[in-house]
*Asks:* 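Here it is: the structure, laid out below.
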Amino acid sequence: MQNHPTSSHGQVPQPDETAPRPGSIAARALGAARPVAYLDNLNPEQKDAILTLDGPLLVLAGAGTGKTRVLTTRIAHILATGRAYPSQILAVTFTNKAAREMKERIGKLVGSAVEGMPWLGTFHTIGVKLLRRHAEMVGLRSDFTILDTDDQIRLMKQLIQAEGIDEKRWPARQLASLIDGWKNKGLGPKDIPEGDARYFGNGRGRELYTAYQDRLKVLNAVDFGDLLLEALRLLREHPDVLADYHRRFRYILVDEYQDTNVVQYMWLRLLAQGSKNICCVGDDDQSIYGWRGAEVDNILRFEKDFPGAKVVRLERNYRSTAHILGAASHLIAHNEARLGKTLFTDAVDPDADKVRVAAAWDSEEEARAIGDEIERLQRHGSNLNEIAILVRASFQMREFEDRFVTLGVPYRVIGGPRFYERQEIRDALAYFRIVSQPADDLAFERIVNTPRRGIGGATVQMLHAYGRANSVPLTDAVHNLLQTEELRGKARTSLTGLMASIERWRNQLDALSHTELAKMILDESGYTEMWQNDRSAEAPGRLENLKELIRSMQDFESMTGFLEHISLVMDRDADDSAEAVSIMTLHSAKGLEFETVFLPGWEEGLFPHQRALDESGRAGLEEERRLAYVGVTRAKKRANIWFASNRRIHGSWQSSIPSRFLDELPEAHVEVVEQGSSYGGYSRSNYGAYGASRFDSQATFGGSSYNTPGWKRAAKTQAFGDGSWSQGTGSGRTPSGVKMIEGELIARSVVGGEAKYDVGARVFHLKFGNGVVFSVDGNKLTVDFDKAGRKKVVDSFVEKI
DNA sequence: AATATGCGGATTTTT
DNA sequence: TCCGCATATT
């Protein structure tokens, strides 16, 4: 039976070994039932990628070329022509989001048949499926638990302590990433190279890895890496199982192939030995996850790995303007390790904006200027949902958030800490886990003294010692020790109570609905109460999250089902109901698109990031460049690149030089928006004159007309982006006096200029609107604005009306 | 068991 | 500079 995976989803007949041959009655019936409308409106390359069904196929799909459409249509086509049943298609993605999206889109094409696709999912989901089916073959029980990173690290910490290794010198985090790296490369404890094995923990790397794997088996648990590695081991060591899947999977489709790591690659190689109909879709230029084990090489080598492979390039872009594509293509052309594609578009728009590059004095000004620009776009009718700020590193986000809060611009941060990673959620889940899985030591440990029950470190140590000595889970240890006199006092009472509670909850597993039970557990354990009594600011939010957790459980059939889901699917749909600007990292922007994209922080050291250069040299630089390419290609209409001459890093101000990537952009598609830049005398290689360029450009102020667009823009990017004089005048910022100097310079340049405003004059201000001048003090005006009230502003920020 | 103090580290992140 | 962590202190 184990060799015959059963699948009973949907109403589609489930064949075992035989699928309808092309031309069979079944196939004709399936084909005839559906008109081939899905092939309409595809370009020749897309059609080629969809209709080439036999043998290995690599689809090199550039950004915005309709990759997902090809993938989903291909599946629809396979189904519609009866070449395979839904259950005979293996379709893998990297993220749950991508899997969901694909499912949805296939559903639109073929209807409910998609429900019969049990093998559409992430590598990890499919790994779990394989392992649950054949658990005993890799030394697990089919109800194994899946540990997340947090659990992993706690476990390793224990092992490091047990080995008597200095935790300071050899942090568990580091071991976790080492082991993860090994697993991504397909290496078990026996396979790791001697050098690696010697490296960690005074030469005990291999021992620790072995001990960790043993411990996982005792806990009947796997980590994320195991979902791939153990599944691979399963296929390798059990030819009969492999043969079964060979017969089963008639078509294999892989999304984002450039992101596959070694194990995933080995999986695919192994499985594709069956039907050879493997179709990988990816873009080597968008490979940005090398640092977590992805091998660009997999895609570069495809034709060698899969002999007779056909390669189709999708280069026709449906997303961006020619300027954006031109800039992106020119930039990425600086990479050596690539298969080479050039995006193009037929869309001709003579009014399209060039990619804009702008300079700011420091990161604060950068945020201010971008904030102002966004407000301008909003006034011109742009939807905030179509605007994104894409940063290299998350610390850059804060300044934008601060600015948006000040301006009252709604925004959302994408990425960030996940719902299921929050402390209160993890605590609650630990309670649920221990109830449904008595052997889940990590869960037990987490909740044993949360809320406080007077069970301290000493008691837990003792339980551990007993558990380890007798190879039993902690709950058994507690149970046994309670029979003796070992446990006394408060610890004894508390543990007795806790064990009784767990037992009681466990007995309710079948009697109550899982949501009822969850409520009961949180209530009776005193966990809810703990937060109710907490006076801190976060407490109400945490209680709210717990409610949300219970609410989200309703979508599942059982506690087990729910726990399985969240261990694999740590994401939740962002709330995109309200209009808001998105702020996210470049990494999390992959696959998304926006009309307007802001790309701040293009400075050497930040982007390309110094660490990428230090750690991976040329390869690191190329990956950074791909990241830049991803960033630019997210934009449909406008891409605005920024760099700041000064940035606060780890607290102190550092001056920086513009990113080399800026010099790699083609003149023809770029407009440099910098003070005084519009009329020559300024070469882009001159960016490096950080402070100096600022002063140079200041010098042009006095002589130029105030009404040129260049001047206005320059003025707008000055230190006081909103023109308000009163705030932030050089107050305690380093390098000291920066703001002051700026203020003086603005003041001087304008005093020498023509601008004169009389009391009572009607003026217009970009941010505050119309108003009447109340008083004049040099270049400073006090204006009574119709809407915003009385404000002090610099006269250069207002216009006479 | 709750609070103070000192230390190191500070890209990117999915599953 | 700021944060989280681990250890020290009461």
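The sequence lines fix the lettering, A, B, ..., with proteins before strands; numbering per chain opens at 1.
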*Asks:* Could you state the CH2-P distance from A/Trp170 to C/dC5, rounded to the nearest angstrom?
*Replies:* 22 Å
*Asks:* For the P atoms, the ones on C/dC3 and on B/dT12, what distance do you get once it is rounded to whole angstrom?
*Replies:* 16 Å
*Asks:* Could you tell me if A/Gln161 and A/Glu167 have a donor-acceptor pair between their side chains, going purely by distance under 3.5 Å?
*Replies:* yes
*Asks:* Hey, can you tell me if A/Phe404 and A/Tyr411 have their rings parallel, tilted or perpendicular (30° and 60° cut-offs)?
*Replies:* tilted
*Asks:* How close or far is atom P of C/dT1 from atom CG of A/Asn646, stated in whole angstroms?
*Replies:* 17 Å
*Asks:* In this structure, how many angstroms lie between the P atom of C/dC5 and the CD atom of A/Gln423, rounded?
*Replies:* 10 Å
*Asks:* In whole angstrom, give the distance that lies between atom CZ of A/Arg154 and atom P of C/dC5.
*Replies:* 12 Å
*Asks:* Could you tell me if A/Glu622 and A/His334 have a donor-acceptor pair between their side chains, going purely by distance under 3.5 Å?
*Replies:* no
*Asks:* Give each protein N/O atom lying under 3.5 Å from an N/O atom of nucleotides 8-13 of chain B, with the pair distance.
*Replies:*
residue	atom	partner	partner atom	Å
B/dT11	O4'	A/His609	NE2	3.4
B/dT12	OP1	A/Ser394	N	2.7
B/dT12	OP1	A/Ser394	OG	2.4
B/dT12	O4'	A/Arg392	NH2	3.4
B/dT12	O2	A/Trp291	NE1	3.3
B/dT12	O2	A/Arg392	NH2	2.7
B/dT13	OP1	A/Thr585	OG1	2.3
B/dT13	O4'	A/Arg292	NH1	3.4

*Asks:* Mark yes or no for whether A/Asn261, through its side chain, and A/Gln264, through its backbone, hold a donor-acceptor pair below 3.5 Å.
*Replies:* yes
*Asks:* Please give, in whole Å, the distance from C/dA6 C1' to A/Ile153 CD1?
*Replies:* 16 Å
*Asks:* Pull up the glycosidic torsion of B/dT12 and say syn or anti, syn being anything within 90° of 0.
*Replies:* anti
*Asks:* Just by distance, with hydrogens left out, do A/Tyr629 and A/Arg625 show a side-chain donor and acceptor under 3.5 Å apart?
*Replies:* no
*Asks:* Please state how far atom CZ in A/Phe123 lies from atom P in B/dT15, giving the value in whole angstrom units.
*Replies:* 13 Å
*Asks:* Rounded off to whole Å, could you give me the CG-to-P distance for the A/Leu131 and B/dT15 pair?
*Replies:* 18 Å
*Asks:* Answer with base, sugar-phosphate or nothing: what part of the nucleic acid does A/Lys157 contact at a heavy-atom distance below 4.0 Å?
*Replies:* sugar-phosphate
*Asks:* Scan A/Gly127 against the nucleic acid and name what it touches under 4.0 Å (heavy atoms): base, sugar-phosphate only, or nothing.
*Replies:* nothing
*Asks:* Is the phosphate of C/dC2, meaning OP1 or OP2, less than 4.0 Å from a side-chain N or O of A/Arg398?
*Replies:* no
*Asks:* Check whether the ring centres of A/Phe643 and A/Trp602 lie less than 6.0 Å apart, and answer yes or no.
*Replies:* no
*Asks:* Work out which heavy atom in A/Val597 is nearest to a heavy atom in A/Leu390; give both atom names and the distance.
*Replies:* CG1-CD1, 3.7 Å
